[in-house]
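Below, chain A is the first sequence line, B the second, and so on; all start at residue 1.
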Amino acid sequence: MDKLSFYDQVYQVVRLIPKGRVSSYGAIASYLGTRGSSRMVGYAMNAAHTTFPPVPAQRVVNRNGLLTGKFHFGSADMMQQLLENEGVKVNNDKIVDFKNLFWDPAIELEL
DNA sequence: GAGGTGACTGCGA
DNA sequence: CTCGCAGCCACCT
């Protein structure tokens, strides 16, 4: 726990997100016990592409299911392409039926 | 050591 | 309903 940096904790949780599912920054932050630091989760994603194996950051979106960080993938359409490739429908940079595809580690990992 | 940044969130007007 | 502001904390320069 304490041996891993906050980033590493975020990376591991994000990598646990099943294919075809999505999660939110706040959910991950809350699971890590830093609900108030939801920004840090997003910030961690900033370095996600520098880690290996790469973190499926496309599965992580904001509380509204909006692809806020799409621009950080290099191309604005990249994130949407990746999501659709996994079976997640995206419309106007927003995940379709987000609440249904939502994956909360605090609940899923609790079982 | 101190300051600035940020892929968010929640509440208020 | 939409827009704006403040809080939050780890990492970087």
Check: Checking all strands, does A/Ala57 fall into the base, sugar-phosphate, or nothing category for heavy-atom contacts under 4.0 angstrom?
Finding: base
Next item on the list: Could you state the atom-to-atom distance from CZ of A/Arg63 to C1' of B/dG10 in whole Å?
Entry: 11 Å
Note to self: Between P on B/dA7 and CE on A/Met78, what's the gap in Å once rounded to a whole number?
What the structure shows: 19 Å
Note to self: On the side chain of A/Tyr25, is there an atom forming a donor-acceptor pair with the base of B/dA7 - under 3.5 Å, no angle test?
What the structure shows: yes
Checklist line | Contact check, side chains of A/Met79 and A/His72, non-hydrogen atoms, under 4.5 Å | finding: no
Item checked: Interatomic distance where CG belongs to A/Leu66 and P belongs to B/dA7 [whole Å] -> 13 Å
Next item on the list: Could you check whether A/Thr68 gets within reach of a base, just the sugar-phosphate, or nothing at all, counting any heavy atom under 4.0 Å?
Entry: sugar-phosphate
Notebook entry, point to check: When the distance from CD1 of A/Ile28 to P of B/dA7 is rounded to whole Å, what number comes out?
Noted result: 15 Å
Next item on the list: Would you classify A/Phe73 as touching base, sugar-phosphate or nothing, given that sugar-phosphate means primed atoms plus P, OP1 and OP2, and contacts are heavy atoms under 4.0 Å?
Entry: base
Notebook entry, point to check: Any side-chain heavy-atom pair from A/Asn64 and A/Lys94 closer than 4.5 angstrom?
Noted result: no
Next item on the list: Examine C/dC9: is either OP1 or OP2 under 4.0 Å from a nitrogen or oxygen in the side chain of A/Arg35? Give yes or no.
Entry: no
Next item on the list: Using atom CG of A/Asp93 as one end and atom P of B/dA7 as the other, report the distance to the nearest whole Å.
Entry: 15 Å
Margin query: Which heavy atom of A/Trp103 sits nearest to which heavy atom of A/Val13, and what is that distance?
Written below: CZ3-O, 4.1 Å
Checklist line | Euclidean distance, atom CG of residue A/Leu82 to atom P of B/dA7 [Å, nearest integer] | finding: 19 Å
Margin query: Let's see if you can work this out: which of C/dC11, B/dT9, B/dA7 has an atom nearest to the side-chain heavy atoms of A/Asn62?
Written below: B/dT9
Check: Nearest-Å distance, CE (A/Met45) to P (C/dA10)?
Finding: 16 Å
Notebook entry, point to check: Heavy atoms, side chains only, cut-off 4.5 Å: are A/Val61 and A/Thr68 in contact?
Noted result: no
Check: Could you give the CG-to-C1' distance, from A/Leu4 to C/dA10, as a whole number of Å?
Finding: 15 Å
Check: Which of these nucleotides, C/dA10, B/dA7, C/dC9, is closest to any side-chain atom of A/Phe6?
Finding: C/dA10
Item checked: Which residue lies more 5' along DNA chain C, comparing A/Tyr43 with A/Ser38 via nearest heavy atoms -> A/Ser38
Next item on the list: May I ask you to test the A/Gln81-A/Phe73 pair for a side-chain heavy-atom distance under 4.5 Å?
Entry: no
